[in-house]
There are 2 protein chains.
Amino acid sequence: MLKRERQAYILHQLNLHNKVLSSRLSEAINVSEDTIRRDLQELADSGRAIKVHGGALSLSFSEFNIHNNNVYGKDEKQIIARKAISLIKENMVVLTSGGTTINELARSLPRELKATFISGSIPAILEYSNHPNIDVIVIGDKISKNSRITIGADAIAKIKSLKVDLCILGINALDIEHGITDSDWDVAQLKKVMIESSQKVVALAISEKIDTYQPIHICPLRNIDYLITELNPDDERLAFYKKTGVQLI
Amino acid sequence: MLKRERQAYILHQLNLHNKVLSSRLSEAINVSEDTIRRDLQELADSGRAIKVHGGALSLSFSEFNIHNNNVYGKDEKQIIARKAISLIKENMVVLTSGGTTINELARSLPRELKATFISGSIPAILEYSNHPNIDVIVIGDKISKNSRITIGADAIAKIKSLKVDLCILGINALDIEHGITDSDWDVAQLKKVMIESSQKVVALAISEKIDTYQPIHICPLRNIDYLITELNPDDERLAFYKKTGVQLI
DNA sequence: CATAATGTCGCAAAATGTTGCAAAAAGACG
DNA sequence: CGTCTTTTTGCAACATTTTGCGACATTATG
C-alpha cells in the first residue's frame, strides 16, 4: 500500500469513527506501528488529525463542540461490530436489520471483504454502498421515520422470498423468559421474517439490553445461533444464556 | 507498445483501481521502471494523475477534489432545483431518478412541503428521509455502484406498478433528433418505465447537455411535459425545443 | 509505584527516484 | 537512399524516501 493511500485510508477511518488506534491500523494495513505513527505525525502536522497516545482523533474533537453526534455506547458497539464481522466469510449473503450497532458494523467492514449485503436500513445501505467490494441489495418499501428502515408488506414479502447465509440483527431487549423483544411493531415483524429467511442468525446487543424486555415478541432465544455483546463470553452476566445453547461470542 | 498506448493503459488502470505501482506496470508492459516513471511524470504534469513514491494515484485522491464537495455546475443545478420545486404541489406523489441535479432538488425542498417521494437513488432517499413532512418510498433492488441507484428487474416491476402524479428526471443528454438519451443501459430502462408510470414528466438538464446525445435511447421529446434548465425559457438556445410543444420553465 | 503499553530516536536495509549519458528507434529532408 | 535530427529507451551511479528494528524514554492505569 502506498503512503498516500494509507494516509487517505486513515483519514477515512477517522471520519467514520472519529478515532483510530495505532495498533488496529497497523494490523489492518499490515505495516509496523512505527509507520502508522509517522503517518499520524504527518497528518497531525498538516492539521488533518489530532495525535494522542495510542492513536489519533478526528478534528471534530478539538472543538468544544460537545454537541456530540456520538452514538451512545460507541466503543461497546465497535467491539460488537468487530466480533460480528469475524462471522462473515468471503462471498456470503448477509441480511442486516437497522440500528446503530449495525451502522457501526457497516462502517467497520474490512476493505478486502467480498460479500453481498441485503438491508432496508438507509444508514447501513449508505455505508455498504461506499465499500469497494460489497454488493448491496436494497429492500424497498416505505421508510419509517423513527428507525430509518423500510417497513411494510412489500419489505416483508421480499425478505420472505430470500434464503440467505447469515442474518445479523441489532436487538433492543432480550431475556430468558421472553426471548428477543422489541418496542416497534413494524420492526418486529420484519425481524421475524428475517430470522426465518436465514440459515444462521446473529443477535447483537450491548450488555445493558440483557435481561430487559419490550412489549412485542420477536422470537425465543433458541432461534438465535450467536449472541454477541461487548462482554467476554465467560462473563457471569451471560451465564444463563450460555445454558440455552446460544453460542456466545 | 507505443508510448501513447502505454499511457492510455496506465490511465485505464488508474480508473479501474485508483492506483498503480511502477513496479507492476513495468512488469505488465515489459518496459523498464524508468520509462514508467517518465510516463507517470507526464501524466502528472498534464494533471491526469497524482504521482507518489512507488506509483501514482487517481485524481479522486486529490485533497482538493475531496475537500470541496462541490458538484460540477452546482449553481446552475440549484436554479434548476428551485424551478422544479415550483411544480410540486401539496400531497403529490413524485417519482424521481438519480443524479446530482436531483440531489440538489432533494436538499432544497421547503420544510413545509407535504408530499410523497418515491426513488431508488440512495443519496436522494437520504435527503428525503431527513425531511420532516415527506413520506419516502424506496424502490428496492441491487445498487449500481456508478450511479448509486437501485437497478434491475425488481425495480422496474415496482415502478411499472405505480401511477404517480409527477416524475422528475435528471437527464444526461437531449437533442431534437434523438430525444432523451443516456449512456447507461440499466438507468435508461428505469427512466423509460418511470416516464410511463407518471401523469406528468419533468426533465431537468443543465444547458450544456442540450443538443448532445448518448447511445441509449430513452424517449422522444414529446413524452416530456416540462423541460427545466438554468436558462431563461426564452433563451435562443431553447428555441427549437419550444416548437416541439414541451413546456419550458 | 510498578507494569504494560506507547512513543521517540537513531540507524541501516530496501525500495524508489534522479540524473547524465549513450544506444536504438523513428522521423525529416534533400 | 543516406544523413542528420529528434525522440525514446535502458543503464549505471548516486540521491532520496520509506520502512522496520532495537535501545531507551514516556505515558497510562490500577
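Naming convention: chains lettered A, B, ... in sequence-line order (proteins, then strands); numbering from 1 in each chain. Keep in mind it's a predicted model, so treat the numbers as computed, not measured.
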Exercise. Give a yes/no answer on whether the side chain of Ser23(B) brings an N or O atom under 4.0 Å of OP1 or OP2 in dA15(C).
Key: no

Quiz prompt | Arg38(A) (side chain) and dG7(C) (base): donor-acceptor pair under 3.5 Å | solution = no

Quiz item: Closest heavy-atom contact between Ile36(B) and Ser22(B)?
Solution: CG2-CA, 4.0 Å

Quiz item: Rounded to the Å, how far apart are Gln7(B) CD and dT8(D) C1'?
Solution: 12 Å

Quiz item: Any side-chain N or O of Arg4(A) less than 4.0 Å from the OP1 or OP2 oxygen of dT17(D)?
Solution: no

Exercise. Specify the separation, in whole Å, of atom CG of Asp45(B) and atom C1' of dT18(C).
Key: 15 Å

Quiz item: Whole-Å distance between dT18(C) C1' and Glu33(B) CD?
Solution: 13 Å

Quiz item: Counting side-chain heavy atoms from CB outward, which of dT18(C), dT19(D), dT9(D) is closest to Lys51(B)?
Solution: dT18(C)

Quiz prompt | Nearest heavy-atom neighbours spanning Ile171(B) and Ala205(B) | solution = CG1-CB, 3.7 Å

Quiz item: Is there a side-chain polar atom (N or O) of Thr35(B) under 4.0 Å from OP1 or OP2 of dT9(D)?
Solution: no

Exercise. Side chain of Asp34(B) only, please: which of dG20(D), dT16(C), dC11(D) is the nearest?
Key: dC11(D)

Quiz prompt | Protein-nucleotide distance (Asp39(A), atom CG; dT19(D), atom P), rounded to Å | solution = 7 Å

Quiz item: Choosing from dT9(D), dG20(D), dG7(C), which nucleotide comes nearest the side chain of Val31(A)?
Solution: dG20(D)

Quiz prompt | Minimum-distance nucleotide (side-chain atoms of His53(B) versus dT18(C), dT6(C), dT17(D)) | solution = dT17(D)

Quiz item: Where each residue is assigned the nucleotide of DNA chain D containing its nearest heavy atom, which of Ser32(A) and Glu42(B) is assigned the position nearer the 5′ end?
Solution: Glu42(B)

Exercise. Starting from P on dA15(C), measure out to NZ on Lys3(A) and report it in whole angstrom.
Key: 18 Å

Quiz prompt | For Glu42(B), the option from Arg4(B), Arg6(B), Lys3(B) that meets salt bridge (Lys or Arg N to Asp or Glu O under 4.0 Å) | solution = Lys3(B)

Practice problem: Grab the CD-C1' distance between Gln41(A) and dT19(D) for me, whole Å please. | Solution: 16 Å

Quiz item: Applying the salt bridge (Lys or Arg N to Asp or Glu O under 4.0 Å) test to Asp182(A), which of Lys191(A), Lys209(A), Lys192(A) qualifies?
Solution: Lys191(A)

Exercise. Please confirm whether the backbone N or O of Gly170(B) pairs with a side-chain atom of Ser97(B), one donor and one acceptor, at under 3.5 Å?
Key: yes

Quiz item: Rounded to whole angstrom units, what separation is found between the NZ atom of Lys19(B) and the P atom of dT16(C)?
Solution: 12 Å

Quiz prompt | Atom-to-atom span, CD1 of Ile29(A) to C1' of dT19(D) - whole angstrom | solution = 14 Å

